[in-house]
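As structure tokens, the structure follows; a few thoughts come after it.
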Amino acid sequence: MLDAKLIRANPQVVETALRNRNLPGALDNFLELEKQRRSLLAQVEEIKKFRNQSSQEVGKLKKQGLEPEELMEKVRQAGQEIKELDEQVNVIEAEINKILLNIPNIPHDSVPIGIDDTSNLEIRRWGEPRKFDFEPLAHWDIGPNLDILDFERAAKLSGARFAVYKSGGARLERAVVNFFLDTHTGCHGYKEIFPPFMVTADCMRGTGQLPKFAEDMFKIEGRDMYMVPTAEVPLTNLYREEILEEKDLPLYMTAYTACFRAEAGSHGRDTRGIIRQHQFNKVELVKITSAETSYEELEKLTGDAERVLQLLGLPYRVVLLSSGDMGFSSAKTYDLEVWMPGYNDYKEISSCSNCEDFQARRANIRYRPASKEKIRYAHTLNGSGVAAGRTVAAILENYQQADGSVLIPEVLKPYMGGLERIEK
RNA sequence: GGAGAGAUGGCCGAGUUGGCUGAAGGCGCUCGCCUGCUAAGCGAGUAUACGGCUAAUACCUGUAUCGAGGGUUCGAAUCCCUCUCUCUCCGCCA
């Protein structure tokens, strides 16, 4: 959520930013409604002032044994007016709030302007895509061939966009998750959290999934709750409605959760394999920082996510998303794209964002600066560290052998009980 | 699922015959004083949001906020209703 005062003070700046996010005219009624709101507030507060003073007066008079009927009647009428005006204020504030909740974050100055991913900027590459002396297969062929991924039986259980992992595949998924968590807690200083997989609508509003993206999520029937689409939601909301001390910042948190996404708008995309599933596993990184340090923390967080790909020996590149390609809550996002021989291309495996105070304002996460200034909104960051399913897919494709087997990356062997390769 | 208790400021904790309580007291924190040594003592200060004023996110001022919402009343942290959450006991259960 943007600061209403900022919009009021610099409407053209915000307009421009929103145009760069393909949302012209998002502010249309906002300024007018704001004006109405302030005018009504001035009126109603004036009457409330009268009521407060008068009812105190009544109290004093009554103590003297008087019955100030006339004054009491006046206050009664004032109360009526207050009720009506409050009603109007509520309606207008609800409208303003609706607008505010649907406006995305403003891109940071360093973000390239563009309408979609064609304006994204490649920042760096790591690793060399492997040269195969045979025709490499895609993971949706490798997995079933080795009988470690079963899409047909998954469909029997749950329909499209689900997978069943079996034997070495199941263990590989688990190994990857544990390797990520161990690395981030052991080497990068994150605190491990194991949160609920279902959260309230308030949490979803706090991180920006609601109200705009309700159709992307799985809602719990009969309850005001949702399956988490990413651990970013519970981790960031851990500190909702709290005031932190600057000396305790930054907070580094990591969590494994399953993630649940309806994928409503992606019919026909990535229908094969485990790239785009309704349920997938992910280890997430979340930071809560002061306003001054969030951008250097974003670089570090991105580096932490890169580190696990490096340790796995998976070639990747880092891409800075353009204004038109960024997520709703983000001010700046780096995507990590891993090399997938089956696609002969890089595929997104992590997305690292600085949301600045956008989520903090929605979720009311604040901190008391060490300098004793006024309380401020914290900055929140999140990044995949990284998606487990896509990592497994990348391992299958990058480590496949001519005989159909798949070698286990060195760092995962301890997690695989010493297994060297998955074979039929 | 049954029975009971409770939700107050950064924290703890007063306040329930409705009014002068934005809220005692304590802790913590900040500033100052004092003390010949990391302790103690003394004094002062210390909520947030929104509005007005303003160059100001500085003053000053108004309104709101004692879990949330609604009601009664001239006036509610204090009375009534609904909801949410927490705790204790019983039952059930991975």
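Both backbone and side-chain heavy atoms feed into the values below; hydrogens, waters and symmetry mates do not.
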For this session: Please determine, for A14(B), whether a Watson-Crick or G-U wobble partner exists with both distances under 3.5 Å, and give it or none.
Result: none
Problem set entry | Separation of atom CD in E241(A) from atom P in G10(B), rounded to whole Å | 12 Å
Exercise. Just checking K62(A): base, sugar-phosphate only, or nothing, at a heavy-atom cut-off of under 4.0 Å?
Worked result: base
Seminar exercise, completed: Any strand, both distances under 3.5 Å, Watson-Crick or G-U wobble: G19(B) pairs with C74(B)
For this session: Compare side-chain N and O positions of K48(A) against OP1 and OP2 of C50(B) and report whether any pair is under 4.0 Å apart.
Result: no
Exercise. Taking the side chain of R37(A) as heavy atoms from C-beta outward, which of C50(B), U48(B), C74(B) is closest to it?
Worked result: C50(B)
For this session: Hunt down the Watson-Crick or G-U wobble partner of C60(B), both distances under 3.5 Å, from any strand shown, or write none.
Result: G52(B)
For this session: Have a look at R376(A) and say if it touches a base, only the backbone sugar-phosphate, or nothing, with a 4.0 Å heavy-atom cut-off.
Result: nothing
Problem set entry | SB check E337(A) R390(A) (cutoff 4.0 Å) | no
Exercise. With sugar-phosphate meaning primed atoms plus P, OP1 and OP2, does L41(A) contact a base, only sugar-phosphate, or nothing at under 4.0 Å between heavy atoms?
Worked result: sugar-phosphate
Problem set entry | Aromatic contact, H278(A) with F218(A) (centres under 6.0 Å) | yes
Problem set entry | Reference residue K332(A); test side-chain contact (heavy atoms from CB on, under 4.5 Å); the match among L321(A), D109(A), L320(A), N105(A) | L320(A)
Exercise. Under 4.5 Å between any side-chain heavy atoms of L298(A) and C352(A), yes or no?
Worked result: yes
For this session: Could you tell me whether R223(A) contacts a base, only the sugar-phosphate backbone, or nothing, with contacts defined as non-hydrogen atoms closer than 4.0 Å?
Result: nothing
Problem set entry | Separation of the C1' atoms in U61(B) and G69(B), to the nearest angstrom | 30 Å
For this session: Pick base, sugar-phosphate or nothing for K247(A), based on heavy-atom distances below 4.0 Å to the nucleic acid.
Result: nothing
Exercise. What integer number of Å spans the P atoms of G51(B) and U57(B)?
Worked result: 11 Å
Exercise. Is atom NZ of K212(A) surrounded by more than 12 heavy atoms (other residues, nucleotides or ligands) closer than 6.0 Å?
Worked result: yes
For this session: Determine which nucleotide pairs with U46(B), using a 3.5 Å limit on both distances of a Watson-Crick or G-U wobble pair.
Result: G28(B)
Problem set entry | Pairing partner of U84(B) (Watson-Crick or G-U wobble, both distances under 3.5 Å) | A7(B)
Exercise. Which one is paired to G36(B), where only Watson-Crick or G-U wobble pairs with both distances under 3.5 angstrom count?
Worked result: none
Problem set entry | Closest nucleotide among G51(B), G62(B), C74(B) to the K49(A) side chain | G62(B)
Exercise. Can you tell me if the side-chain N/O atoms of R76(A) get under 4.0 Å from OP1 or OP2 in C74(B)?
Worked result: yes
Exercise. Is there a Watson-Crick or G-U wobble partner for C89(B) with both distances under 3.5 Å, and if so, which one is it?
Worked result: G2(B)
For this session: Indicate, with a heavy-atom threshold strictly under 4.0 Å, whether V58(A) touches base, sugar-phosphate, or nothing.
Result: base
